[in-house]
Amino acid sequence: MKIYNTLTRTKDEFVTNVPGKLSMYTCGPTVYHYAHIGNLRSYIMEDVLEKYFRFSGYNVTRVMNITDVGHLTSDGDTGDDKMLKGAKREHKTVMEIAKFYTDAFFDDCKKLNIKRPDVVEPATGCIDEFIKVISSLIEKGFAYEAGGNIYFDTSKLKQYYVFNDFKEEDLAVGVREGVEEDSNKKNKADFVLWFTKSKFEDQELKWDSPWGIGYPGWHIECSCISMKNLGEYLDIHCGGIDNAFPHHTNEIAQSEAYLGHKWCNYWFHVHHLNTNSGKMSKSAGEFLTVSLLEEKGYDPLVYRFFCLLSHYRKSLVFSYENLDNAAVSFNKLIAKTASAIKDDSGEIDTAAYDKLMESFKAALDNDLNTALAITALYDVLRENTNGRTKKALIAEFDKVLSLDIIAKAEKLNAAENTTDEIPAEIAELVEQRKAARKEKNFALADELRDKITSMGYIVEETRQGTKITKQN
Ligand code: AMP
Ligand code: ZN
């Protein structure tokens, strides 16, 4: 498999440190609010990567942190504390906010068929680990105390700016408003490992440390949580492109200074989901969440499909029009699969199976080209072979794509057999309701639902589509 490596800026052959075993680290969410669908684009593409590694035979261990302390509103170490901001907004404690939004994040992941990583570790559970590594960095001369905080000294490194040659506009997304210069720093690029002089007087979460009561910086979390669970040699590290600098650059700096050798071999970065007006945001414009898409009548897996249609290294524009187009294609894909597998008797046609499997693998082996993998799926449906072979191939592909294709197609086939029981009059009202929802005329949709209910039928939106049942 070849994968684009941000470290070398080329598509590299993927080779793990230990044959057959693969260690994978993912920057987890900052749990101060719901994830927007842009955040989830990164997690969907990383999920495909993880599943394709497993599909290719690797024994994968994937670790993710949960940032419940230390992430300020700039990706450096300036601005407000995101968690504190969230707690104030909702009149709750930081830990209540963290618990609520961690659960919400995994609920969204479930709806999008994103597998939970093998290890999920909140930063607040690893304070001893941070103190151990920071103490060692001070001892080795890579960190210093100034104005009550502990800083990493970037001038002590042979090379610091590993990931800083991105286009300005890519990096600008990660840099937020209100950045003020910290006069304690010896060098502009130095960053905080441990805060004791908090500018937030009401900072709730603080721990004792050799340097006084305080809390960790954001970057140290990921280095420590990764090294704690995956050891000194990491195969691949993932995140959204805005994490490349300064977050990942700082992770490399502190991890390699601590270890005294190279830490991670491959860096996988997913480019941004944008709106027509630019950056996706939790505070400005429509806050696009999975729940919002569901409220508007979209199956979350349509969003997953929409993401898979584009390469992860290209920025992607979200609009309802684009999502509607994806929904139409997705429904057609399910309908075609349903008719292809209706008769799945007979033997596997091994020649066709091997050829089609090869083209699926070739697509993903080439820097995770999911769009071409979907094309390979259409090729299966077009192939002149039996339903058994098609079903077997699609089921295998879906171990990576996770679109529930076979289950949805079978449901469609089963529903077709029972449609006779739904009177035409009801079916017509259901169609009218679907059209109303699509036009976002929710008042009319509700009115039609009430009418259907009054006629003795229940209409519901489920993950598999519209479900109609007769009331008892
Ligand atoms: P955060 O919760 O802000 O720490 O971000 C969680 C993940 O989402 C990180 O990997 C970010 O790099 C990624 N991310 C943030 N914004 C976007 C976006 N618009 N599109 C894709 N990924 C994003
Ligand atoms: Zn991280």
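Just so you know, these numbers come straight off a predicted model, no measurement behind them. In each ligand, atom 1 is the first atom listed, and ligand 1 is the first ligand listed. The chain is numbered in sequence order, starting from 1.
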### Query
Which atoms of ligand 1 are found less than 4.0 Å from any heavy atom of Asn243?
9 (C), 10 (O), 11 (C), 12 (O)
### Query
Any N or O on Gly240 sitting closer than 3.5 Å to an N or O of ligand 1?
yes
### Query
Should the pair Lys186 and Tyr144 be classed as cation-pi, given the thresholds of under 6.0 Å to the six-membered ring centre and 45° from the axis?
yes
## Note on the structure
Tested for side-chain contact (heavy atoms from CB on, under 4.5 Å) against Thr26, the lone hit among Glu46, His237, Glu50 is Glu46
### Task
Give yes or no for whether the N/O distance cutoff of 3.5 Å, strictly under, is met between Asp242 and ligand 1.
yes
### Centroid separation Tyr312 to His271 less than 6.0 Å
no
### Query
Is His219 close enough that one of its N/O/S atoms sits under 2.8 Å from the Zn ion (ligand 2)?
no
### Message
Show me which atoms of ligand 1 lie under 4.0 Å from any heavy atom of Ser42.
### Response
13 (C), 21 (C), 22 (N), 23 (C)
### Query
For Asn274 and ligand 1, does the shortest N/O to N/O distance drop below 3.5 Å?
no
## Note on the structure
Closest to atom 20 (N) of ligand 1 (heavy atoms only, candidates Leu40, Leu273, Ile37) is Leu273
### Query
Is the gap between the ring centers of Tyr303 and Tyr298 under 6.0 Å?
no
### Message
Taking backbone and side chain together, does Cys222 place any N/O/S atom at a distance below 2.8 Å from the Zn ion (ligand 2)?
### Response
yes
### Task
Return a yes/no value for Cys27: is any of its N or O atoms, backbone included, closer than 3.5 angstrom to an N or O of ligand 1?
no
### Task
Kindly assign one of parallel, tilted or perpendicular to the pair Phe287 and His33, based on the angle between their ring planes and the thresholds 30° and 60°.
perpendicular
### Message
Tell me whether Tyr43 has any N or O atom under 3.5 angstrom from an N or O of ligand 1.
### Response
no
### Query
Does an N or O from Pro29, backbone or side chain, lie closer than 3.5 Å to an N or O of ligand 1?
no
### Query
Looking at Phe442, does the NZ or CZ of Arg437 lie under 6.0 angstrom from its six-membered ring centre and within 45 degrees of the ring axis?
no
### Message
Heavy atom to atom 21 (C) of ligand 1, shortest distance: which of Gly239, Cys238, Gly38 holds it?
### Response
Gly38
### Partner of Lys408 by side-chain hydrogen bond (donor to acceptor under 3.5 Å, both in side chains), out of Asn331, Asp299, Thr337
Asp299
### Query
Honestly, is Arg62 close enough over Tyr25, meaning NZ or CZ under 6.0 Å from the six-membered ring centre and within 45° of the axis?
no
### Query
Just which atoms of ligand 1 are under 4.0 Å from any heavy atom in His36?
16 (N), 17 (C), 19 (N)
### Task
Look at the aromatic rings of Phe163 and His248 and report parallel, tilted or perpendicular, splitting at 30° and 60°.
perpendicular
